Amino acid sequence: MPTPRPAGTEVSWKLLLVAFAAVVGSFFVTTLIVQRSSAVISDLSKEIIYNSAPSIEHLALVRRSVLEAELVLARFINEPTHRGALDRELETALSETRAGIGEYLDLTALPGEQAVRQDVQESWSRFEAAVTQARADAVARREGAEGALFEQDVEPPARHLLENITRSIEWNAVRGRELAERIREARREAVWLSASLHAVCGILAGVVAWLLHRELQGRRALADAYTKSVEARAEELEQFAGRVAHDIRNPLSSARMAAELGLRKTPEESSRAPFKRIIRSLSRADAITGALLDFARSGARPDPGARAEPRAIITDLLGGFAAETEQAGIELRHEPVPPVLVACSTGVYLSLLGNLIRNAIKYMGDATTRRVTLRVEDTGAFIRTRVSDTGPGITPELLPSLFEPYFRVKGSSAIAEGLGLGLATVKKLVEGHGGRVGVTSTRGKGSTFWFELPRAGSSSWDVSPPPHDAPGTSPLN
């Protein structure tokens, strides 16, 4: 006869089976939760990549084309002797605007976006009709009535179109932030549920170990392997946001290829300049995106071997702002740059300097003297870069809040053109590289924003930033 099992043995094996089944069940539930969260995040990220981001890109190009069309039309009205060439330039600007709006309207409308899209379409139709009529009236009207023609017939619909475009850009930006917040919430929920089930798995694994002792070491090793598998899935989920940011670079590459193709197909040198500017701008955007992505992947720690040369970067960057400063009537210049290297990547330095220059241009206001000046100073272990403007200046009570995320100066005419993240990005990047930022301003005389980074070749971010009263580091007034 077989040896009967002890009375407690059958109960132990039943508990073992229940515990084992619970462990396996928890593993599969965790896997399903992670897969479901991944699917949700994938759908939300696609909405950002294929809708919100392209909408903002198309609308930004449309806004620029509308401003170009306004400028050319004003010259067409007021410069009768050049109307032949200006007529072709005007038609080109209108075609670019029409194409951009068409591409925007071809995108799938997000929930609640239809009204905004309709406003953009209707205001574009009114603006196009106003331009067509003004062009015809300019030829027929007598000399001296041109200014009234532009101000009364063209400027109001143009301003209304630009307002609707800006509203649509802000709508898509807000929608993008909402989608990003939902991605973060989905990830947080998945991590919390996964951690809870991990705890359950650990308790049940202890029960299994108590029941089997040494005989069940193999099963416990299997349970450990399952736990590691689940942790690997969780780590993959944490890296998902980085992959989404990486995918954003693809549209930049496509746009650059299209610009390069257009450049090759354009034999006239005068028509090739815009394509060259576009290619340079896209190259800078790609460098900035790559640098920021590498910075985020490294856990907000810079690459120890990164080096950037301010002299070469400034020379290239100022050319990219030429059209913008010329349109705004601003002189953009730089003082002689010393032959130094800073401990950051080229993309990071481009992002820092580009944000400060763009901020100075955007908030120049109605200043009589319109000048932005760059200065690079060698202070020893650190290299300081200053961007000074002759704008209206900033009130002292606002200075402590300028580098906070989403902070914008109330009452400024440029408030609708940004999200208030430029200076916050500058602060995060500089401090992540072991440097510091600052600003000085005098009402009616202008402002100076500055940042300093470790000199390349020193111990970089292990060097403590110099004190505020250190020689050679006083802010530029």
Side-chain angles (χ1 to χ4, degrees), residues 170 173-174 177 180-181 288-289 291-293 295-296 298-302 308 310 313 317 321 342-345 347-365 372-377 379 382-443 445-454 460-461 463-470 473-477:
E170 289 183 336
V174 170
R177 289 200 302 271
E181 182 63 26
I288 292 171
T289 304
L292 296 182
L293 182 58
F295 183 68
S298 65
R301 296 288 293 172
I313 294 172
L317 185 63
F321 280 98
V342 294
C344 71
S345 69
V348 167
Y349 196 87
L350 275 169
S351 177
L352 295 173
L353 195 55
N355 269 302
L356 294 186
I357 294 176
R358 193 170 293 107
N359 194 70
I361 294 173
K362 182 167 62 173
Y363 290 98
M364 181 63 70
V372 176
T373 305
L374 277 65
R375 179 187 300 174
V376 177
E377 299 174 343
T379 64
F382 288 81
I383 305 300
R384 173 171 288 197
T385 303
R386 303 176 186 265
V387 177
S388 303
D389 63 67
T390 57
I394 306 166
T395 56
E397 60 269 17
L398 295 180
L399 294 179
S401 304
L402 289 179
F403 293 94
E404 296 178 2
Y406 306 113
F407 177 81
R408 294 184 291 177
V409 179
K410 295 182 179 179
S412 169
S413 60
I415 190 171
E417 299 181 10
L419 301 175
L421 293 177
L423 295 179
T425 300
V426 169
K427 185 174 187 292
K428 178 177 176 61
L429 284 175
V430 170
E431 292 182 349
H433 284 75
R436 61 181 187 139
V437 298
V439 58
T440 59
S441 184
T442 302
R443 291 291 290 171
K445 295 185 178 181
S447 305
T448 294
F449 287 84
W450 57 267
F451 64 87
E452 55 188 15
L453 294 170
S460 298
W461 34 88
V463 178
S464 301
H468 289 272
D469 58 352
T473 61
S474 59
L476 175 66
N477 291 322

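Since the model is a prediction, treat every value here as computed from it, not as a measurement.
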Rounded to the nearest 0.5 Å, the OG1 atom of Thr448 sits from the CG atom of Asp389 at a distance of 7.0 Å

Got a donor-acceptor contact below 3.5 angstrom from the Asn355 side chain to the Ser351 backbone?
-> yes

Exercise for the section: Would you check, one step at a time, whether the test side chain to side chain contact (heavy atoms under 4.5 Å, CB included) holds for Phe449 with Leu423? Expected result: CA-CA 10 Å; Phe449 287 84; Leu423 295 179; 3.8 Å; yes

dist Glu404:CD -> Leu398:CG (nearest 0.5 Å) comes out at 10.5 Å

What one should report as the nearest heavy-atom pair of Gly393 and Arg443 is O-NH1, 2.9 Å

d(Leu353 CG, Arg358 CZ) to nearest 0.5 Å is 10.0 Å

State, with a plain yes or no, whether a side-chain heavy atom of Leu453 is found less than 4.5 Å away from one of Ile383. no

Chi angles and distances behind the side chain to side chain contact (heavy atoms under 4.5 Å, CB included) call for Tyr363, Ile394: CA-CA 10 Å; Tyr363 290 98; Ile394 306 166; over 6 Å; no

Contacts of Glu181 meeting side chain to side chain contact (heavy atoms under 4.5 Å, CB included) (sequence neighbours excluded), chain-then-number -> Arg184, Glu185

Show the numbers, then the answer: is there a side chain to side chain contact (heavy atoms under 4.5 Å, CB included) between Arg177 and Val174?
CA-CA 5 Å; Arg177 289 200 302 271; Val174 170; 3.3 Å; yes

Does the side chain of Leu356 reach to within under 4.5 Å of the side chain of Thr385, using non-hydrogen atoms? no

For Ala308, the side chain to side chain contact (heavy atoms under 4.5 Å, CB included) test, sequence neighbours excluded, returns Ile313, Val342, Cys344, Thr346, Tyr349

Distance col, row Lys427:NZ vs Phe403:CZ, nearest 0.5 angstrom, shows 8.5 Å

With sequence neighbours left out, the residues meeting side-chain hydrogen bond (donor to acceptor under 3.5 Å, both in side chains) with Ser441 are Ser447

Scanning both residues in full, the closest heavy-atom pair of Arg436 with Val430 reads N-CG1, 3.1 Å

Report task. Could you give me the CA-CA distance, side-chain angles and deciding distance for Trp450 and Arg375, then say whether side chain to side chain contact (heavy atoms under 4.5 Å, CB included) is met? Result -> CA-CA 9 Å; Trp450 57 267; Arg375 179 187 300 174; over 6 Å; no

On a heavy-atom basis, the closest approach of Ala343 and His433 is O-CD2, 3.5 Å

